[in-house]
Amino acid sequence: MSSLLSQASGSPIAVLNHNKPVAYLIPADTYEALMDIIEDYELAKLVEERLGDKEQAVSVSLDDL
């Protein structure tokens with residue numbers, strides 16, 4: 001199985017059952033990269049949401065922190 005993944009060069013490999021995909025195999029590095037992209041996307045959504053609440057922000061000085 002690992003030789004198939006190395007031949008795929010990071011692309012997913014479909015596992016078929018009766019010619020229908022039932023699973024996809026991807027190398028660990030590709031999976032980790034996808035998780036990083038998803039995490040960045042979720043953080044960007046959170047930033048956008050919080051920017052909408054900017055008028056509720058409380059000003060503080062760095063000395064107060």
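What you see is a predicted model, and the numbers here were worked out from it, not measured in a lab.
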Fill in: Joint cluster assignment, Ile37 & Ile26, ILVMFWY side-chain distance < 4.5 Å
no
Practice prompt. Treating Ile, Leu, Val, Met, Phe, Trp and Tyr as nodes and any side-chain heavy-atom pair under 4.5 angstrom as an edge, say whether Ile38 and Leu43 lie in one connected cluster.
Written response: no
From [atom1] ([X]) to [atom2] ([Y]), nearest 0.5 Å:
{"X": "Tyr31", "Y": "Asp36", "atom1": "OH", "atom2": "CG", "value": "10.5 Å"}
{"X": "Asp40", "Y": "Glu42", "atom1": "CG", "atom2": "CD", "value": "9.5 Å"}
{"X": "Asp29", "Y": "Leu34", "atom1": "CG", "atom2": "CG", "value": "11.0 Å"}

Worksheet, complete the sentence: On a heavy-atom basis, the closest approach of Pro27 and Ser11 is CD-O, 4.4 Å
Practice prompt. Scan for side-chain hydrogen bond (donor to acceptor under 3.5 Å, both in side chains) pairs involving residues 56-65, sequence neighbours excluded, and state none if there are none.
Written response: Ser61-Asp64
